[in-house]
Every structure is written in structure tokens, then in C-alpha cells.
Amino acid sequence: MLQLNYIRENKDKVVNLLTIKNFDASNIVNEIIELDDLRKATQKELDDTLAASNKLAKEIGSLYKSGQRDKADEAKTESSKLKLAAKELEQKFTEVVTSLNNKLIELPNVPHPSVPKGNSDADNELIYEEGSIPELPENAIPHWELASKYNIIDFELGNKVTGAGFPFYIGKGARLQRALINFFLDEALDQDYIEYQPPLLINADSGYGTGQLPDKEGQMYYVGIDNLYLIPTAEVPITNIYRNVILKESDFPIKNVAYSNCFRREAGSYGKDVRGLNRLHQFDKVEIVQIQHPDKSYETLEAMKDQIASLLRKLELPFRIVRLCGGDLSFTSALTYDFEVYSAAQHMWLEVSSVSNFENFQANRMKLRFKDKEGKSILAHTLNGSALALPRIVAALLENNQTDEGIVIPEALRSYTKFDLIN
RNA sequence: GGAGAGUUGGCAGAGUGGUCGAAUGCGGUGGUCUUGAAAACCAUUGAUCCUUCGCGGGAUCCAAGGGUUCGAAUCCCUUAUUCUCCGCCA
């Protein structure tokens with residue numbers, strides 16, 4: 001959520017930048033400012049009424065003490081009137097604040113000026129590419145066939161026990177998962193991240209804090225009986241640690257890493273893009289989250305980008321980095337880099353990581369602040385990225401490394417897998 | 001799941017209807033002293049919003065929400081949560 005004062009002071013800038021996200025904010029921004037004016041006026045009136053009422057209540061106290069009952073009773077009648085007026089004003093105030101908030105929530109984060117215009121992933125800007133696309137033999141097969149050939153991932157079994165998108169990992173498949181998770185975590189620990197194991201279910205306040213609620217409600221699994229949501233990413237619990245927190249400037253940077261299962265309903269997905277590991281309802285991911293001083297968040301974003309690139313390099317996967325265009329950028333993000341690895345048997349790029357700077361958009365919702373040198377409360381910046389999501393990494397590893405002898409495990413992983421070939 | 005007791009400022013902890021945004025201690029910050037540090041002493045130390053050019057003034061917040069009252073941290077209701085005991089259990 002954008003800050004009210006920021007909107008008031010940068011009205012035209014907000015409207016202009018949001019056109020990059022294909023969002024016409026001209027009306028809503030005016031409505032917001034009008035509602036805020038009304039809010040201020042109503043609050044003034046309410047505060048004055050309450051002040052008068054408080055003053056009277058104090059007088060009644062001393063009137064009783066000095067035994068002036070008649071005067072006290074008179075004042076009581078007066079006070080009752082004020083109370084009624086205050087109640088009406090309060091109701092009006094609540095209504096105004098509620099509609100103001102509802103409007104504010106509709107407004108997406110303002111994109112960074114470097115974000116290109118565009119409507120879809122076709123308009124994303126390629127900024128980096130590394131590694132050569134492997135030439136596979138004629139008989140190369142996609143990962144879902146490799147998975148059953150070597151009996152390492154069983155999608156059918158998942159269908160039976162749960163449903164589509166919930167595979168079983170078996171034998172070396174399961175061990176590969178565990179190896180990747182540990183590899184990713186260790187790499188983050190080398191970069192001075194603190195490791196967390198978060199809850200996998202979160203309450204509505206947390207969903208709201210990072211922006212999954214209210215607009216992406218349908219993408220989360222919901223446990224109605226306890227009013228909890230399954231996390232779509234560890235970003236949600238890890239960032240919400242800092243909900244309603246006031247940090248010290250010396251706390252920066254906060255660097256957290258967490259492995260978790262992620263649960264996504266992916267309502268509306270279908271077709272070849274969801275084959276095999278390409279899109280799952282439950283998957284594994286190691287997530288990095290940083291809380292940073294506003295002056296340093298873009299520097300941090302670049303560092304996180306480099307960190308993720310180094311993971312893919314160590315896994316010897318060909319990858320590219322794109323800067324998301326306005327149309328592809330999420331509601332809450334100001335700037336996002338997507339990482340894609342080349343899946344040689346599917347002949348396509350698979351998105352394996354997203355690293356984003358949310359600036360103070362999440363922090364404003366969460367009231368995540370820090371005290372600057374003058375003691376003023378300022379919103380912090382939040383960033384996160386996948387480092388990395390497993391399924392598509394596994395898909396690319398299986399496909400790109402297939403040989404007649406079996407699937408070759410990259411060097412960097414062998415101390416974790418304790419095997420160098422799946423056969 | 002059942003019974004009981006709690007939830008107060010960064011922390012500990014007082015406060016059971018009016019002068020309480022809240023004693024006291026610790027911690028934090030600034031200062032005195034000191035070559036420096038410690039100790040001691042002094043001062044200061046919550047958040048949000050409205051208003052004012054500024055000084056300042058006002059409102060709200062004692063887990064959350066609602067109620068009683070002229071007036072609520074204090075009384076009542078609901079919810080969340082913590083602890084103790086019982087039950088169940090990896």
C-alpha cells in the first residue's frame with residue numbers, strides 16, 4: 001500500500017508511473033485525496049467534541065467532590081448530548097476511514113522507472129544470459145518421462161493419494177530434493193543469512209501484510225475451520241515477523257533464509273505448461289528475504305540477483321535474467337528480475353526464481369519501520385527472492401544432464417546427494 | 001478437549017471507577033566526573049492521527065473487538081493468546 005502523504009505530494013508521478021503497469025490511477029487517486037480531506041475534517045470535529053466531553057467529565061468529578069450535586073447533574077445532561085454527537089461522528093469517521101483504506105488497497109505499487117512498458121512476458125527485457133544450451137541426443141526425453149524411467153518421481157501416486165500437482169519423490173529423487181534444499185540453504189548461510197523454519201499456515205493478518213490478501217485470496221489453500229491459510233511462499237511468514245515492528249537503523253540489513261513447502265491452488269492453469277514439474281500445487285523452495293534501509297534497497301536487490309546467479313552457475317545450468325515489464329510485474333513489486341533456466345528437452349525457458357524490491361509497499365501495510373538518527377519513524381524496504389524453487393531446477397537438471405548411462409549430478413551437488421548418477 | 005489464573009510502556013512490574021499515558025526498577029540516549037572506561041550522580045526516554053508558519057494545543061491507544069457509565073487500565077460480554085492442572089498425543 002502506498003503512503004497517503006506520498007500520494008498527495010506526488011499525485012502526477014504516481015499516475016504516470018502506474019501507466020507502466022497498465023493501471024489507470026487518475027480517478028482513484030483523486031478519490032483518495034478527497035476521502036482523506038473528508039477524514040481530516042471529520043476527525044477534527046470528532047476530536048473537538050471528545051475534548052469538550054473530557055473536560056466536562058473532569059468538572060463533574062470535582063463538582064461531586066465539593067458536593068454540588070445539582071450542578072453536577074446539569075453537567076451530566078450536557079455531557080450525554082456530547083456523547084451522542086461523538087458517537088455519530090465516530091461512526092462517520094469509521095466509514096470514511098474504511099472506504100479510504102479500501103481505495104488505498106486497490107492501488108498497486110509504483111514501478112521503478114527502469115521497468116519497461118508492456119503487457120505480457122513477451123515484453124520483458126532480457127538483461128543477461130549465461131551458459132550454452134546443451135545439444136541433446138535424438139532420443140532425449142522430457143523430465144516427466146525421465147522421472148518414471150528411473151522411478152524417482154511418481155505423479156500417478158500423487159494423483160491417487162491427493163490429486164494432480166502433488167507428486168511423490170522416491171529414492172534418489174527424494175534424496176536429490178533434500179540435497180538441493182541443503183545446498184541452497186548452505187549457500188545462503190555463506191552469505192550471512194539467518195536460517196528460519198517458518199509455520200506453513202498463516203493467519204489473515206499475515207496474508208494481508210505481504211499483499212496476498214485480499215486480491216490473491218483464491219490462490220491460497222484455506223483451512224476454514226481454523227481460519228488459516230497455507231503459505232504460497234515462505235516470504236509470507238518470514239516477512240511478517242516484522243509486522244508492527246520498529247527497528248533500529250543498526251539492525252540493517254536483516255537477511256533471512258527459509259526453506260519451506262509452498263502451496264498454491266493455481267486455479268485456472270492448464271495445458272502443457274503444467275506438465276510434470278512445471279507447475280505444482282505443492283513444491284519446495286528456499287526463500288531469501290531482506291529488510292533494508294530505503295537508501296540501500298536497490299544495491300541489495302543487485303546483490304541478491306548476483307547471489308541467485310551464482311547458484312545457477314554452480315549447478316551448471318544455462319540461464320537468463322529478465323527485467324519484468326509493467327504488465328508482468330506483480331501488484332506489490334516495484335522492480336522484479338526473473339531467472340529462467342533452459343529446459344533442453346522441452347525446448348523452453350522455465351522460470352525458477354523471482355527477486356523483487358517492494359520498496360515500502362509491504363512495509364506500509366505491515367507498519368514495519370525504523371528510527372532514523374533524528375528519531376523519526378520511517379518505513380523500511382522489503383525484498384525477497386527464490387534461491388531457489390526446486391521443481392523446475394529438478395526438471396532442467398534431469399533433462400539437460402541425461403546421458404545413455406543415466407542422469408549426471410553436477411559437481412557442486414555431489415557432496416549433498418552422495419551419488420553422482422541417477423540410473 | 002475440560003478446570004483455574006493471567007495478558008499494562010524496550011523489559012520486569014505497580015495500579016480495581018475520576019487529578020493515570022500510567023508508580024518504581026532495569027535498559028536506551030545525553031551530560032557531570034574520569035587520561036579513557038566502569039561506578040556514582042543529573043537530565044531525558046512510547047506510538048498514531050488532527051491542528052499550528054512555529055511555540056504549542058487536541059484526540060486515540062493498558063491483548064483485540066463490543067458494552068455499562070457524565071467518566072474505564074480498573075466493571076460486564078465476546079475473541080485471541082500465555083501459564084498451571086487434568087485428558088489426548090508425535
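Bear in mind that the values here come from a model prediction, so they are computed numbers and not experimental data. Just so we're on the same page: letters track the sequence lines, and every chain starts at 1.
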Could you let me know what [N] is paired to, Watson-Crick or G-U wobble, both distances under 3.5 Å, or none if it's on its own?
N: G4(B); answer: C83(B)
N: C41(B); answer: G31(B)
N: U69(B); answer: none
N: C26(B); answer: G10(B)
N: U78(B); answer: A64(B)

- Query: When the ring planes of Phe252(A) and Phe370(A) are compared, do they come out parallel, tilted or perpendicular, using 30° and 60° as the limits?
  - Reply: perpendicular

With rounding to the closest Å, how many angstrom separate the [atom1] atoms on [N] and [M]?
N: C33(B); M: G57(B); atom1: P; answer: 34 Å
N: G21(B); M: G4(B); atom1: C1'; answer: 32 Å
N: U60(B); M: G9(B); atom1: C1'; answer: 16 Å
N: G10(B); M: U16(B); atom1: C1'; answer: 27 Å
N: C20(B); M: A72(B); atom1: C1'; answer: 11 Å
N: C49(B); M: U44(B); atom1: P; answer: 26 Å
N: C70(B); M: A80(B); atom1: P; answer: 32 Å
N: U7(B); M: A14(B); atom1: P; answer: 9 Å

- Message: Side chains of Leu312(A) and Ile393(A), heavy atoms from C-beta outward: is any pair under 4.5 Å?
- Response: yes

- Message: Looking at Arg369(A), I'd like to know whether one of its side-chain N or O atoms comes within less than 4.0 Å of OP1 or OP2 on A47(B).
- Response: no

- Message: At under 4.0 Å between heavy atoms, how does the protein contact nucleotides 73-80 of chain B? Give one character per nucleotide, 5' to 3', with B, S or -.
- Response: --------

- Message: Please encode protein proximity along nucleotides 49-65 of chain B as a string of B, S and -, counting only heavy-atom distances under 4.0 Å.
- Response: BSS------BSS-----

Whole-Å distance separating the [atom1] atom of [X] from the [atom2] atom of [N]:
X: Gln91(A); N: G66(B); atom1: CD; atom2: C1'; value: 14 Å
X: Asp226(A); N: G1(B); atom1: CG; atom2: C1'; value: 14 Å
X: Asn364(A); N: U48(B); atom1: CG; atom2: C1'; value: 13 Å
X: Asp70(A); N: C70(B); atom1: CG; atom2: C1'; value: 15 Å
X: Gln3(A); N: U48(B); atom1: CD; atom2: P; value: 11 Å
X: Lys371(A); N: U48(B); atom1: NZ; atom2: C1'; value: 11 Å

- Using side chain to side chain donor-acceptor pair (under 3.5 Å) as the criterion, list what pairs up with Ser333(A), not counting sequence neighbours. Thr336(A)

Please name all residues satisfying ring-ring contact (aromatic ring centres under 6.0 Å, His included) with [X], sequence neighbours left out, ordered by chain then number.
X: Phe166(A); answer: His281(A)
X: Phe93(A); answer: none
X: Tyr416(A); answer: Phe183(A)

Side-chain donor-acceptor contacts of residues 147-154 of chain A below 3.5 Å, not counting sequence neighbours, with atom names and distances?
unit_1: Ser148(A); atom_1: OG; unit_2: Glu145(A); atom_2: O; d: 3.3
unit_1: Asp154(A); atom_1: OD1; unit_2: Glu156(A); atom_2: N; d: 3.1
unit_1: Asp154(A); atom_1: OD1; unit_2: Leu157(A); atom_2: N; d: 2.9

- Message: With a 4.0 Å cut-off on N to O distance, would you call Lys40(A) and Asp37(A) a salt bridge?
- Response: no

- With a 4.0 Å cut-off, would you call Lys305(A) and Glu302(A) a salt bridge? yes

- Task: For RNA chain B, determine which residues of residues 71-85 of chain A have any heavy atom closer than 4.0 angstrom to one of its atoms, and list them numerically.
- Result: Lys76(A), Ser79(A), Ser80(A), Lys83(A)

- Message: With ring pair (Phe, Tyr, Trp, His ring centres under 6.0 Å) as the rule and sequence neighbours excluded, what pairs involving residues 24-56 of chain A come up?
- Response: none

- Message: Show me the pairs that pass ring pair (Phe, Tyr, Trp, His ring centres under 6.0 Å) and involve residues 187-227 of chain A, at least two apart or across chains.
- Response: Tyr222(A)-Tyr229(A)

Which pairs of donor and acceptor atoms, one on a side chain in residues 241-248 of chain A, lie under 3.5 Å apart (sequence neighbours left out)?
unit_1: Tyr242(A); atom_1: OH; unit_2: Asn256(A); atom_2: ND2; d: 2.9
unit_1: Arg243(A); atom_1: NE; unit_2: Asn240(A); atom_2: OD1; d: 2.9
unit_1: Arg243(A); atom_1: NH2; unit_2: Ser206(A); atom_2: OG; d: 2.8

- Task: Just grab all the salt bridge (charged side-chain N to carboxylate O under 4.0 Å, His left out) pairs involving residues 48-62 of chain A, residues at least two apart or on different chains.
- Result: Lys44(A)-Asp48(A)

- Message: Counting the atoms with a prime plus P, OP1 and OP2 as sugar-phosphate, which does Ser53(A) contact under 4.0 Å by heavy atoms, base, sugar-phosphate, or nothing?
- Response: nothing

